[in-house]
Amino acid sequence: MNPEIKTAIGRLPTFWNRNIIFFANLPGLFYGNEGEIKNLKKLVDGLESYGGRLAPIINLMFQGNDNVLILETKPDESLIHYFIDSLGLKLPSIEVLPYSVYHSFSELSSNRVAAPFYSLINHLSDHSAQTIDGFVTDKALSCVAKRLQKSTINTEVSSKAGNNKFLLHQFLLKNDLPLFDTCIAESVADVFDCLNNLHCLGYTEAVIKAQIGASGIGMLKLDTSIKNARDIPEYLFYEGPALVQGWLDRKVKSVRFLGSPSIQIFLNNDTLFLYDLTEQILSPDSIHEGNFSPPEYITNNTSFFEQINELGKKAGMWLHDSGYRGTASIDFHIIERKGNVEVRICEINARVTGATYPAILARHFMPEMAWLMRNIKFFTSLTGLDLLDILKRNNKLYIPGNERGILPINFNFDENKDVNKGQFLFLGRDLQECTSLLSQMDLILPVAWGYDRD
């Protein structure tokens with residue numbers, strides 16, 4: 001039975017009416033690919049504190065109101081108080097479990113639990129929630145579920161398939177949907193023939209995409225004229241063949257790049273919701289650094305929106321058919337070439353993504369208004385309490401009922417547990433108000449700062 005499709009851009013969908021035990025298993029995004037996991041830890045500062053972004057949204061996604069969130073480290077205490085006392089959010093119970101301990105459950109034969117976590121495992125076994133979930137359903141999550149005698153929302157197969165770029169490419173190809181010029185490389189040795197083929201088509205650059213990747217990891221941009229395999233890591237082929245695709249930007253003759261929108265979706269058994277339309281903020285290497293909504297070049301152009309909505313429905317149905325349930329995003333690439341607009345699907349991320357947190361919070365507090373999310377890196381660390389106090393004293397801290405404000409979603413820590421980075425949501429009636437709030441950070445922050453990857 002096909003699900004009902006509902007498009008309500010700017011308004012929250014009907015989320016789960018159940019309790020959950022949610023594991024912030026961020027390194028699980030790579031399903032055991034140690035090369036990608038190592039790269040993630042090297043490139044993303046404060047990785048163990050990124051799970052804190054889930055704290056304000058778990059009870060909005062899972063509305064049984066008896067939820068547990070398992071993090072690698074405790075969130076900033078002052079931020080937790082802000083969520084409860086100022087925003088009026090109900091938060092899940094928060095427990096701490098190092099990723100290494102969580103990952104140890106991937107061995108089904110292992111029945112031993114480290115002593116400090118024995119009582120936690122017993123508590124989770126006795127908890128009223130009958131279901132567990134995570135960023136992805138990897139082997140460890142399946143084994144934890146078996147240990148706790150609970151079920152998972154997704155299977156390992158459906159979770160992995162929903163994030164697989166190769167399977168998505170096959171679906172797009174089979175259904176004659178718009179594609180990038182693509183060559184399939186079975187191994188590193190095949191890459192050079194692929195690059196040569198793309199070079200002959202007029203591309204000066206191409207990108208290798210592993211079947212599974214996230215936050216730019218598992219993706220490598222190359223000059224199509226290279227002949228040396230030294231800089232092509234084998235882990236790109238961990239899951240099998242990789243995609244080698246022509247890089248479509250202004251360097252390609254007659255191409256005018258327009259944008260990288262992303263549509264936010266939620267899938268349950270009966271319904272596919274398309275609930276927010278965002279524009280991705282990307283680095284020069286196409287690494288995600290933030291989002292904003294709505295992208296006015298789309299909302300002001302009915303044709304653009306219709307194309308994205310139609311492709312989003314088809315890709316969302318494919319994701320639903322794969323068995324995946326939960327939040328996801330579908331990322332697009334839009335160019336204009338010789339007077340024609342071309343809209344392509346880049347990838348699907350079947351999980352809570354970097355756009356899920358701001359979209360849910362923004363649509364909860366200010367439906368159909370505008371929002372902007374940026375990762376901000378502080379060159380000198382501050383305390384969470386000081387950051388909140390600075391925003392409050394300058395009348396910038398968001399409080400429900402206000403028409404604009406800055407809502408800190410999460411703080412990342414340095415080795416002293418001070419804040420050296422954070423994810424900040426700028427809320428306003430339109431994008432001009434949001435960008436104005438962002439620009440005012442220069443005036444109110446006592447330290448130098450810059451943007452960072454997600």
Side-chain angles (χ1 to χ4, degrees), residues 1-23 54 57-69 90 92 127-137 141-142 145 150-164 167-168 171-172 174-175 177 262-278 293 305-332 345 347-353 355-357 359-364 367-368:
M1 179 179 174
N2 288 334
E4 180 184 3
I5 301 176
K6 294 184 178 181
T7 301
I9 301 301
R11 292 197 168 270
L12 287 181
T14 303
F15 284 123
W16 305 111
N17 184 22
R18 63 168 70 174
N19 296 334
I20 199 71
I21 299 172
F22 197 104
F23 287 80
L54 292 159
I57 69 166
I58 284 293
N59 277 28
L60 297 176
M61 293 170 54
F62 298 93
Q63 297 175 355
N65 286 328
D66 187 16
N67 301 316
V68 182
L69 174 60
K90 294 181 179 178
H127 192 270
S128 62
Q130 296 304 303
T131 312
I132 73 171
D133 197 16
F135 282 109
V136 296
T137 305
L141 194 76
S142 295
K150 299 182 187 294
S151 62
T152 57
I153 291 177
N154 293 292
T155 65
E156 292 176 65
V157 171
S158 63
S159 174
K160 198 171 187 180
N163 288 292
N164 191 298
L167 294 181
L168 174 63
F171 161 74
L172 297 174
K174 180 180 178 181
N175 289 274
L177 296 173
S262 178
I263 198 160
Q264 308 307 311
I265 64 174
F266 174 71
L267 310 93
N268 59 30
N269 288 337
D270 304 320
T271 315
L272 164 62
F273 294 91
L274 292 82
Y275 69 91
D276 210 355
L277 180 62
T278 79
S293 179
F305 178 76
E306 287 177 350
Q307 289 183 70
I308 289 172
N309 192 42
E310 189 60 29
L311 282 172
K313 289 177 180 179
K314 290 177 179 177
M317 286 297 295
W318 170 77
L319 186 59
H320 193 277
D321 290 344
S322 76
Y324 177 78
R325 302 292 182 266
T327 61
S329 67
I330 304 171
D331 297 343
F332 298 86
I345 292 176
E347 63 183 23
I348 294 179
N349 296 305
R351 59 179 184 271
V352 173
T353 74
T356 305
Y357 315 94
I360 289 178
L361 288 169
R363 298 320 178 192
H364 173 72
E368 299 179 339

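Side chains included, hydrogens not; waters and symmetry mates left out as well; all remaining heavy atoms used. Because the structure is a prediction, the values reported are computed rather than measured.
Nearest heavy atom pair, residue Asn163 against residue Ala350, reads OD1-N, 2.7 Å. When every heavy atom of Gln264 is checked against every heavy atom of Ser329, the shortest pair comes out as OE1-CB, 3.5 Å. Here the shortest heavy-atom pairing between Phe266 and Thr14 reads CE2-O, 3.3 Å. Nearest heavy atoms, Pro3 versus Thr271: CB-N, 3.7 Å. Considering all non-hydrogen atoms of both residues, Ile263 and Phe332 come closest at CG2-CE1, 3.7 Å. Looking at every heavy atom in both residues, Leu60 comes nearest to Leu361 through CD1-CD2, 4.3 Å.
Leu319 places none of its side-chain heavy atoms less than 4.5 Å from the side chain of Ile330. Between Asn309 and Thr7, some side-chain heavy-atom pair lies under the 4.5 Å cut-off. The closest side-chain heavy-atom distance from Val136 to Leu141 is not below 4.5 Å. At a threshold of 4.5 Å between non-hydrogen side-chain atoms, the residues Leu168 and Phe171 count as touching. In this structure, Asn268 and Phe273 have side chains that are in contact, with non-hydrogen atoms separated by less than 4.5 Å. A 4.5 Å side-chain heavy-atom check between Thr137 and Ser142 finds at least one atom pair inside the cut-off. With a 4.5 Å cut-off on side-chain heavy atoms, Asn59 and Asn65 count as touching. Under the 4.5 Å side-chain criterion, counting only non-hydrogen atoms from C-beta, Ile57 is not in contact with His364.
A donor-acceptor pair is defined here as one N or O able to donate and one able to accept, closer than 3.5 Å; such a pair exists between the side chain of Ser293 and the backbone of Leu277. Counting only distance, with no hydrogens or angles, the side chain of Lys150 and the backbone of His127 share a donor-acceptor pair below 3.5 Å. Looking at Asn349, its side chain never comes within 3.5 Å of a backbone N or O of Arg351 through a donor-acceptor pair.
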Next on the checklist: Quick one, Phe305 with Ile9, criterion side-chain contact (heavy atoms from CB on, under 4.5 Å). Give me CA distance, side-chain angles, the key distance, then yes/no.
Outcome noted: CA-CA 11 Å; Phe305 178 76; Ile9 301 301; 3.9 Å; yes
Checklist entry - Between Leu54 and Phe135, is a side-chain contact (heavy atoms from CB on, under 4.5 Å) present by the stated rule, with each step listed? => result CA-CA 10 Å; Leu54 292 159; Phe135 282 109; 3.8 Å; yes
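Taking NZ of Lys90 as the reference point, atom CG of Asn67 lies at 11.5 Å (rounded to 0.5 Å). To the nearest 0.5 Å, atoms CG (Asp331) and CD1 (Ile345) are separated by 10.0 Å. Atom CD of Gln63 sits about 12.0 Å away from atom CD1 of Ile58, to the nearest 0.5 Å. Taking CD of Glu368 as the start and CZ of Arg11 as the end, the distance is 4.0 Å to the nearest 0.5 Å. The CD1 atom of Ile5 sits 10.5 Å away from atom NZ of Lys314, with the distance rounded to the nearest 0.5 Å. To the nearest 0.5 Å, atom CG of residue Leu267 and atom NE2 of residue His320 are 6.0 Å apart.
Between Arg325 and the choices Asp133, Asn269, Asn154, the side chain to side chain donor-acceptor pair (under 3.5 Å) rule is met once, by Asn269.
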List the atom pairs, donor and acceptor, that lie under 3.5 Å between side-chain atoms in residues 16-23 and the rest of the protein, sequence neighbours left out.
residue : atom : partner : partner atom : Å
Asn19   : OD1  : Asp66   : N            : 3.2
Asn19   : ND2  : Ser128  : OG           : 3.4

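The aromatic rings of Tyr275 and Phe15 sit perpendicular, their planes meeting at an angle over 60°, well past the 30° parallel limit.
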